[in-house]
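Numbering of ligands and ligand atoms starts at 1, following listing order.
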Amino acid sequence: MEKLKIGVIGMGRVGLVTATAFASLGFEVWGSDKDKNRIEKLKRGKTPFFEPGLQELLNKGIEKNALHFCANNKELIAEADVLFLCVGTPSREDGSADLSQVEEVAREIALQAKGKKLIVEKSTVPVKTAQWIMRTINLYSRGKADIEVASNPEFLREGKAIEDFLKPDRIVIGAENETAKEKLLQLYEKFNCPKIVTDIKTAEIIKHASNAFLATKISFINLVADLCEATGADVNIVSDAMGLDRRIGRAFLDAGLGYGGSCLPKDVKAFTLIGENFGINFNLLKEVDRINDSRIDRFLEHIHQALWTAKSKVLGILGLSFKPETDDIRETAALRIIPKLLEEGAYLKLYDPVASKAFMEQFPEDPSSFTYVKSPYESARDAHALLILTDWKDFRELDFKKIKKLMITPIIIDGRNIVDPEEVISVGFEYYPMGRRPWHPGRF
Ligand code: UGA
């Protein structure tokens, strides 16, 4: 059987990982994006964003001549047998997914394709999107090509995307005829994990339901965190004990500032609307979203509890990305907390191991009210408090003795519960976590 050639349309975080990972598995891959600068950069072997392991895969793919990048889809549509759609599906104002990029690409494929092609939805899309793609194909291709549509949702976490691609928990294939099914199984034949082969609508729902469930777990534990705070209990111990029940599991039970990023917030809103469009009450997910929103105010309460007022205080901010191991700042807690602190008149010293550059593009430095610094220690220097917004591992391993000496008042307000309270208290810090009792002199 001849080896299938792969096209990946959209060189974002999902598309580029998909393209480079398939190339590493021995496939010939074409990757396209309408952003010409991004394509030029990729041709020169430069990744446009930070993702552990991606640079190495890109180098190898280019070296082996297994990866080809193009700024339009013409060559890709002509060369590839299987076309993965990895274009953006951003939120519209009402929370529903904007599928105009998917429609545009479907139309382009319909107009240009010749011979047999399999279009595969990889981006997260609402149930029944494949039907719309098929309708578009039928409208525009007028029988020129033999085009099929399938779904193969991704479950890639940023920061662990390569590992998730190459060692997945499961592979979901939504296909409605044997050839589409066989082609996708052929692409994943080296993978030794459960493969769920089902109809397309079920595959589409699996993706949205998975992300909505992860978000529900996080909001659930944050709700419990509020109760722990109100009663003096400890949410970390609640999570650990709940997590030992194999039916529950410990993952995604970390309380704190809640979920951000380009996926969970968007998918919860989109899935809620899909449910409602089909007449189903999805209020459960509305609550998940509301609880997540409320984390910011809860954190600000902690700041006020510790500092009385943030006005004229110097605050060290540790962590700008929405989670560790990424420079992605979409829907990050920092984007909501920082403007509020600036409004209150605080002076901020911002630090992140990799996301400062991305943050600076949205928040250019203003030395009169905030500055970017190059180390957590610089962030602590002359500060009245250190605020932890992202759970980067490095923040857990700081030299807190040194930090205390640098600060004006030794206060840590931890939005991610990553610091060991015993350690910082023994050094002389006041410590304010989420969903756990604060450690400060007034308590004793
Ligand atoms: C998420 C899913 O985990 C992936 O499976 C999915 O493929 C991806 O969305 C997508 O749809 O493309 P990602 O957005 O990279 O991946 O991030 P997560 O690891 O899910 O974390 C999301 C947010 O939840 C982060 O802000 C994180 O800090 C927060 N979180 C996570 C918590 O607040 N508590 C937890 O216990 C876990």
Test your reading of the structure: does [X] have an N or O sitting under 3.5 Å from an N or O of ligand 1?
X: D254; result: yes
X: V14; result: no
X: N211; result: yes
X: I218; result: no
X: L214; result: no

Determine whether the aromatic ring centres of Y372 and F363 lie less than 6.0 Å apart.
->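 Here the rings of F363 and Y372 have centres that are no less than 6.0 Å from each other.
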Hey, does [X] sit under 4.0 Å from ligand 1 if you only count heavy atoms?
X: G260; answer: yes
X: K217; answer: no
X: C263; answer: yes

Would you say the side-chain atoms of [X] pair up with the backbone N or O of [Y], donor to acceptor, closer than 3.5 Å?
X: K217; Y: A251; result: yes
X: E204; Y: K128; result: yes
X: Q55; Y: F50; result: no

Residues, nucleotides or ligands: over 12 heavy atoms within 6.0 Å of D297 CG |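 Yes, enclosed.
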Quick test of your reading of the structure: of [options], whose heavy atom lies closest to [atom]?
atom: atom 19 (O) of ligand 1; options: M434, K122, K323, R13; value: K323
atom: atom 37 (C) of ligand 1; options: Y259, F322, F252; value: F252
atom: atom 8 (C) of ligand 1; options: L156, N417, T124, T332; value: L156

Test the R330-F322 pair against the cation-pi criterion, namely NZ or CZ under 6.0 angstrom from the six-membered ring centroid and within 45° of the ring axis.
->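 Output no; distance or angle outside limits.
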Within 45° of the axis and under 6.0 Å from the centre of the six-membered ring of Y377, does NZ or CZ of K402 qualify?
->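 The answer is yes; both the distance and angle limits are met.
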Given side-chain hydrogen bond (donor to acceptor under 3.5 Å, both in side chains), test T89 with K266 step by step and report yes or no.
-> CA-CA 9 Å; T89 54; K266 174 179 81 136; 3.0 Å; yes
If we ignore angles and hydrogens, is there a donor and acceptor under 3.5 Å between the side chains of [X] and [Y]?
X: T272; Y: K286; answer: no
X: D199; Y: T202; answer: yes
X: H68; Y: E28; answer: yes

Closest non-hydrogen protein atom to [atom], residue and atom name please, with distance?
atom: atom 1 (C) of ligand 1; answer: L264 CD1, 3.6 Å
atom: atom 12 (O) of ligand 1; answer: E154 OE2, 2.7 Å
atom: atom 16 (O) of ligand 1; answer: R157 CA, 3.8 Å
atom: atom 5 (O) of ligand 1; answer: F155 O, 3.4 Å

Distance under 4.0 Å to a non-hydrogen atom of [X]: what atoms of ligand 1 satisfy this?
X: E158; result: 15 (O)
X: K207; result: 7 (O), 10 (C), 11 (O), 12 (O)
X: L253; result: 36 (O)
X: G258; result: 26 (O), 29 (C), 33 (O)

Shortest non-hydrogen contact from P265 toward G260 |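 Of all heavy-atom pairs spanning P265 and G260, the closest is CD-O, 3.5 Å.
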